[in-house]
Amino acid sequence: MTTVEICVSDVPTALVAEAAGADRLELCADLGQGGTTPSLGAVGIALQALRGAGVRVMIRPRGGDFRVSAVEERVMLADIAAVRALPNPHGLPLGVVVGALTGDGGLDLAVLRRLIEAAGPLPVTVHKAFDEVHDQFGALEEIIELGADAVLTSGAAPTALDGAARIAALRQRAGDRLRVIAAGGIRSHNIRLVLDQTGAREVHLRAPVPRDGREATDADEVRRVVDATRAG
């Protein structure tokens, strides 16, 4: 079974995505900046309102680049601690999403190590900052050594289809040591092609639709994506 993760920006869109069949949700704020840390209230209410979908919480204090200052690291550590302390009455699979780079195109291993240690038992996904590193295969081994659970990638290409060969190679290198989640331009019309070319067993996407002057989640598109993965 292919795991479908939908990126959502608030609790109402999370509920829409879950009802449409999403297996897991990445809860963010400010998707226009690529996603930042949602409010503690949003995470808390999501854990109360959702019934079965897994939740991954973006931990990113601002948009822009992925270099993390000492103060920003303190904020991220505090956010991780706050998420861990929230009640999870339905026992939803809960994790966090992080990333940190150095100025020379590598992973900031010191920051990532502290963030992953702070997450404790929560699984950690390294987000698409991974697509900006110069040596993805070397970085993959570093992420595995740090103890992360998954990495999100389009294979350092604009879309998952463009980077399909790289995603497939990363999956092969990772084996069962790390989950490689395909992301980037995935929609219902191309998801079978993405799965066929990458071999991915997990996909990440937004299903945006404009509504009342903001971005909402298109339940029909989520259903089409889920149905397409199950049909294979």
Side-chain angles (χ1 to χ4, degrees), residues 1-31 34-60 78-98 116 118-128 148-152 179-183 186-188 191-192 194-195 200-212 214-232:
M1 293 279 289
T2 301
T3 297
V4 176
E5 178 179 271
I6 303 295
C7 184
V8 296
S9 59
D10 53 34
V11 177
T13 54
L15 291 169
V16 167
E18 181 186 53
D23 302 297
R24 190 171 60 230
L25 311 169
E26 183 186 84
L27 183 57
C28 308
D30 201 357
L31 292 178
T36 58
T37 308
S39 75
L40 196 60
V43 181
I45 297 301
L47 293 176
Q48 293 176 33
L50 295 166
R51 287 297 182 269
V55 179
R56 291 286 169 109
V57 181
M58 175 64 77
I59 305 294
R60 186 181 176 211
D79 283 334
I80 290 172
V83 169
R84 287 186 61 182
L86 287 170
N88 185 2
H90 307 295
L92 301 178
L94 176 65
V96 295
V97 182
V98 303
I116 291 169
L122 299 186
V124 177
T125 299
V126 175
H127 58 53
K128 282 180 92 286
D149 175 67
V151 65
L152 189 69
R179 297 182 302 103
V180 177
I181 306 172
I186 298 174
R187 296 291 185 270
S188 58
I191 189 165
R192 290 306 319 169
V194 171
L195 296 175
R201 304 310 304 158
E202 301 191 36
V203 294
H204 169 101
L205 63 144
R206 289 159 65 180
V209 62
R211 184 169 295 133
D212 299 327
R214 63 183 181 87
E215 179 180 308
T217 293
D218 185 344
D220 291 334
E221 174 65 358
V222 174
R223 291 189 190 96
R224 287 191 292 266
V225 167
V226 172
D227 289 345
T229 64
R230 305 302 186 251

(Q) Between Glu215 (side chain only) and Pro208 (backbone N and O only), is there a donor and an acceptor less than 3.5 Å apart? (A) no
Q. Is the side chain of Arg192 donor-acceptor paired with the backbone N or O of Ala231 at a distance under 3.5 Å, no angle test?
A. no
Is the shortest heavy-atom distance from the side chain of [X] to the side chain of [Y] under 4.5 Å?
X	Y	value
Leu50	His90	no
Asp23	Glu202	no
Pro123	Arg56	yes
Ile181	Arg24	yes
Cys7	His204	yes

Please find the pair of heavy atoms, one from [X] and one from [Y], that lie closest to each other, and give the distance.
X	Y	result
Val4	Ile6	CG1-CD1, 3.8 Å
Gln48	Pro89	CA-CG, 4.1 Å
Ser188	Val225	N-CG2, 3.7 Å
Leu31	Ser9	CD1-CB, 3.7 Å
Pro93	Ala53	CD-O, 4.4 Å
Leu122	Gly95	CB-CA, 4.3 Å

Q: For the pair Arg230 and Asp227, find out whether any cationic side-chain nitrogen is under 4.0 Å from an anionic carboxylate oxygen.
A: no
What's the spacing between [X] [atom1] and [Y] [atom2] if we round to 0.5 Å?
X	Y	atom1	atom2	answer
Thr37	Leu27	OG1	CG	10.0 Å
Leu205	Ile191	CG	CD1	6.5 Å
Arg206	Glu221	CZ	CD	13.0 Å
Glu18	Thr217	CD	OG1	12.5 Å
Arg179	Arg201	CZ	CZ	13.0 Å
Leu152	Lys128	CG	NZ	6.5 Å

Q. Given the rule in the side-chain contact (heavy atoms from CB on, under 4.5 Å) test, do Thr125 and Glu5 qualify, once you have shown the distances and angles that lead to the verdict?
A. CA-CA 12 Å; Thr125 299; Glu5 178 179 271; 5.5 Å; no
Q. Of Leu25, Ile80, Leu94, Val97, which meets side-chain contact (heavy atoms from CB on, under 4.5 Å) against Val57?
A. Leu94
Below 3.5 Å, can you tabulate the donor-acceptor pairs from side chains in residues 38-45 to any protein atom, sequence neighbours excluded?
residue : atom : partner : partner atom : Å
Ser39   : OG   : Ala42   : N            : 2.9

